[in-house]
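Heavy atoms only: backbone and side chains are in, while hydrogens, waters and symmetry mates are out. Quick note: residue numbers are just sequence positions, from 1.
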Amino acid sequence: MKNRRLETLINLLLLAVWLVVFGVLVVYAKINFNMSGMDAFMLSITGFVLHYVFSLVFHELGHVIFLKLLKMKLQYVNFGLFSIDFTTGKFRLFTYFSSDAGETAFLPTKDITHKEIKLVAFGGILFSFIYAIVGIAPLFFIISPEWFCVLGVGACSAFYLLTVNLLPIDKTSDGSILISRKDHPKIVAAIVNHQRREMQGEIPPEAEIFKSSTQPLACYYHYLYLLLQNRKEEAFYVINKLSLSLDDFIDDEYQLIFPEIITVNFLQGIKDKSIMARAEVFFNEEDPRPAVIRAHCIFRSSCGETDWSESLRKAYEKSLRRASYFTKEIEKHFNF
């Protein structure tokens with residue numbers, strides 16, 4: 001997707017900038033301390049890795065502390081070095097290469113505002129900034145060449161992580177939430193509040209931001225509420241309009257919206273070749289959500305794969321039994 005490619009490009013450019021700074025400081029250490037180039041490089045790269053590890057831990061710790069100050073309930077934290085699932089008590093080590101590395105999931109104990117969402121984002125940035133500043137202190141106060149390289153030069157990785165999180169590269173970055181002039185923070189707060197009430201077995205009232213915003217996630221939730229009101233024609237119109245901007249979605253948006261695009265397309269008898277090609281790729285990964293299984297079932301049925309479709313229908317019914325009351329009410333509006 002375009003957004004994902006742009007995010008990757010910006011990340012690589014930022015990494016390149018800090019690697020250049022890293023290289024300049026390694027050369028400085030070699031000349032200033034009369035070290036061998038190999039010694040200066042090996043000590044500095046060791047520090048680079050260590051700072052990366054602990055900077056990520058500190059960043060997520062900032063989120064956790066601010067969440068606790070706001071009395072929110074932690075669900076999951078991936079510190080990179082390790083992850084903790086507070087809902088199951090599961091603990092895993094060395095989770096840097098997980099798709100959710102450096103992520104924190106939470107639910108409030110009461111309805112929250114977009115300002116509180118911004119405070120949570122600020123917590124991560126603040127702790128990253130403090131760690132990075134403390135990290136470069138050896139550049140100014142420590143004469144020992146070893147500590148200069150390990151703690152000082154190596155801190156380039158901490159500044160890399162700080163800039164990645166601070167810049168509004170995509171909608172999931174802390175910088176995007178903190179400095180966004182659009183309604184993104186309000187949408188995040190509305191979704192979190194919706195999820196809290198949904199998990200309590202309620203059908204929450206629709207947030208006004210879902211009706212007024214043109215952002216994909218707001219439109220997605222508006223679509224769900226239109227279905228609840230049995231306004232299918234309007235709901236399908238919202239999804240068909242979203243299908244025109246598929247390449248602009250970030251991953252979270254794509255995972256939620258694409259199953260609905262598949263469902264609506266096939267229920268309306270539309271067999272767009274590009275959608276079908278995307279569907280083959282999308283369904284390569286297992287996803288237990290009823291909406292995904294429902295879309296997969298409809299897709300396989302439309303392709304004439306009857307046995308596969310029937311198997312998916314059974315999986316759908318099983319998944320639906322475990323779903324929230326809100327989800328069950330939504331799924332009643334699909335006859336397939």
### Task
Check whether any side-chain heavy atom of Trp18 sits under 4.5 Å from a side-chain heavy atom of Thr163, and report yes or no.
yes
### Query
Within a strict 4.5 Å, meaning less than it, do heavy atoms of the Glu60 and Asn78 side chains meet?
no
### Query
Are side-chain heavy atoms of Val192 and Pro108 found at a separation under 4.5 Å?
yes
### Query
Can you check side chain to side chain contact (heavy atoms under 4.5 Å, CB included) on Phe41 and Phe22, steps first, answer last?
CA-CA 9 Å; Phe41 175 77; Phe22 174 83; 4.1 Å; yes
### Query
Sub-3.5 Å donor-acceptor pair from the side chain of Ser319 to the main-chain atoms of Tyr316, do we have one?
no
### Query
Taking the side chain as C-beta and beyond, is there a heavy-atom pair between Val77 and Phe106 under 4.5 Å?
no
### Message
Within the structure provided, determine whether Ile187 and Ile191 are in side-chain contact (heavy-atom separation under 4.5 Å).
### Response
yes
### Residues that Thr46 engages under side-chain contact (heavy atoms from CB on, under 4.5 Å), provided they are two or more places apart
Leu50
In residues 116-130, what donor-acceptor pairs under 3.5 Å come from side-chain atoms, sequence neighbours left out?
| from | atom 1 | to | atom 2 | distance (Å) |
| --- | --- | --- | --- | --- |
| Glu116 | OE1 | Thr113 | N | 2.9 |
| Ser128 | OG | His59 | ND1 | 2.7 |
| Ser128 | OG | Gly124 | O | 3.1 |

### Task
Ignoring hydrogens and angles, tell me if any N or O in the side chain of Lys110 forms a donor-acceptor pair with the backbone of Lys71 under 3.5 Å.
no
### Query
Between the main-chain N or O of Arg300 and the side-chain N or O of Ser309, is there a donor-acceptor pair closer than 3.5 Å?
no
## Note on the structure
The complete set of salt bridge (Lys or Arg N to Asp or Glu O under 4.0 Å) pairs with one or both residues in residues 184-201, sequence neighbours excluded, reads Asp111-Arg196, Asp111-Arg197
### Query
So, His114 and Asp183: side-chain donor and acceptor under 3.5 Å apart, yes or no?
no
### Task
For the pair Ser301 (side chain) and Cys297 (backbone), establish whether a donor and an acceptor sit closer than 3.5 Å, ignoring hydrogens and angles.
no
### Message
To check you understand the geometry: which heavy-atom pair defines the closest contact between Ile330 and Leu224, and what is its length?
### Response
CD1-O, 3.2 Å
Anything under 3.5 Å between a donor and an acceptor, one on a side chain of residues 27-40, the other on a protein residue two or more places apart or in another chain? List them.
| from | atom 1 | to | atom 2 | distance (Å) |
| --- | --- | --- | --- | --- |
| Ser36 | OG | Asp39 | N | 3.1 |
| Ser36 | OG | Asp39 | OD2 | 3.1 |

### Query
Hey, does the side chain of Ser44 reach the backbone of Val150 with a donor-acceptor pair shorter than 3.5 angstrom?
no
### Task
Test side chain to side chain contact (heavy atoms under 4.5 Å, CB included) on Asn265 and Asn240 and set out the steps.
CA-CA 8 Å; Asn265 267 250; Asn240 285 330; 4.1 Å; yes
### Message
Starting from Leu107 and following side-chain heavy-atom contacts under 4.5 Å between hydrophobic residues (I, L, V, M, F, W, Y), which residues can be reached?
### Response
Met199
### Task
Looking only at non-hydrogen atoms, find the nearest pair between Val164 and Ser173 and report the distance.
O-CB, 4.5 Å
### Task
Apply salt bridge (Lys or Arg N to Asp or Glu O under 4.0 Å) to Glu329 and list each qualifying residue two or more places apart in sequence or on a separate chain.
Lys332
### Message
Enumerate the salt bridge (Lys or Arg N to Asp or Glu O under 4.0 Å) contacts for residues 266-276, please, sequence neighbours excluded, ordered by first and then second residue.
### Response
none
### Message
Any heavy-atom pair between the side chains of Val17 and Val20 that's under 4.5 Å?
### Response
no
### Task
Compare all side-chain heavy atoms of Lys211 with those of Glu206 and state whether any distance is below 4.5 angstrom.
yes
### Message
Evaluate Ile262 against Ile298 for side chain to side chain contact (heavy atoms under 4.5 Å, CB included), listing each step before the verdict.
### Response
CA-CA 8 Å; Ile262 297 169; Ile298 291 172; 5.6 Å; no
### Task
Evaluate the criterion side chain to side chain contact (heavy atoms under 4.5 Å, CB included) for residue pair Leu43 and Trp147; output intermediate values, then yes/no.
CA-CA 8 Å; Leu43 287 167; Trp147 288 119; over 6 Å; no
### Query
With a 4.5 Å heavy-atom cut-off, do Trp308 and Leu312 have their side chains touching?
yes
### Message
Considering only residues two or more places apart or on different chains, which pairs with a residue in residues 283-294 satisfy salt bridge (Lys or Arg N to Asp or Glu O under 4.0 Å)?
### Response
Glu260-Arg294, Asp287-Arg289, Arg294-Glu331
### Task
Please check if the side chain of Glu310 supplies one atom and the backbone of Asp307 the other of a donor-acceptor pair under 3.5 Å.
no
### Task
Decide whether Ser324 and Thr327 meet the rule of one side-chain donor and one side-chain acceptor closer than 3.5 Å.
yes
### Query
Looking at residues at least two apart in the chain, or sitting in another chain, which of them share a side-chain contact (heavy atoms from CB on, under 4.5 Å) with Ala105?
Gln75, Tyr76
### Query
What pairs with Tyr225 under ring-ring contact (aromatic ring centres under 6.0 Å, His included), at least two apart in sequence or on another chain?
His194, Phe326
### Query
Using the ring of each side chain (for Trp, its six-membered ring), is Tyr52 parallel, tilted or perpendicular to Tyr160, with breaks at 30° and 60°?
parallel
### Message
Show, in sequence, the C-alpha distance, side-chain angles and deciding distance for Tyr131 and Phe54, and conclude whether the ring pair (Phe, Tyr, Trp, His ring centres under 6.0 Å) test is met.
### Response
CA-CA 9 Å; Tyr131 183 90; Phe54 290 107; 7.4 Å; no
### ring-ring contact (aromatic ring centres under 6.0 Å, His included) partners for Phe299, two or more places apart
Phe266, Phe283
### Task
With sequence neighbours excluded, give me every ring-ring contact (aromatic ring centres under 6.0 Å, His included) pair touching residues 195-217.
Phe210-Tyr221
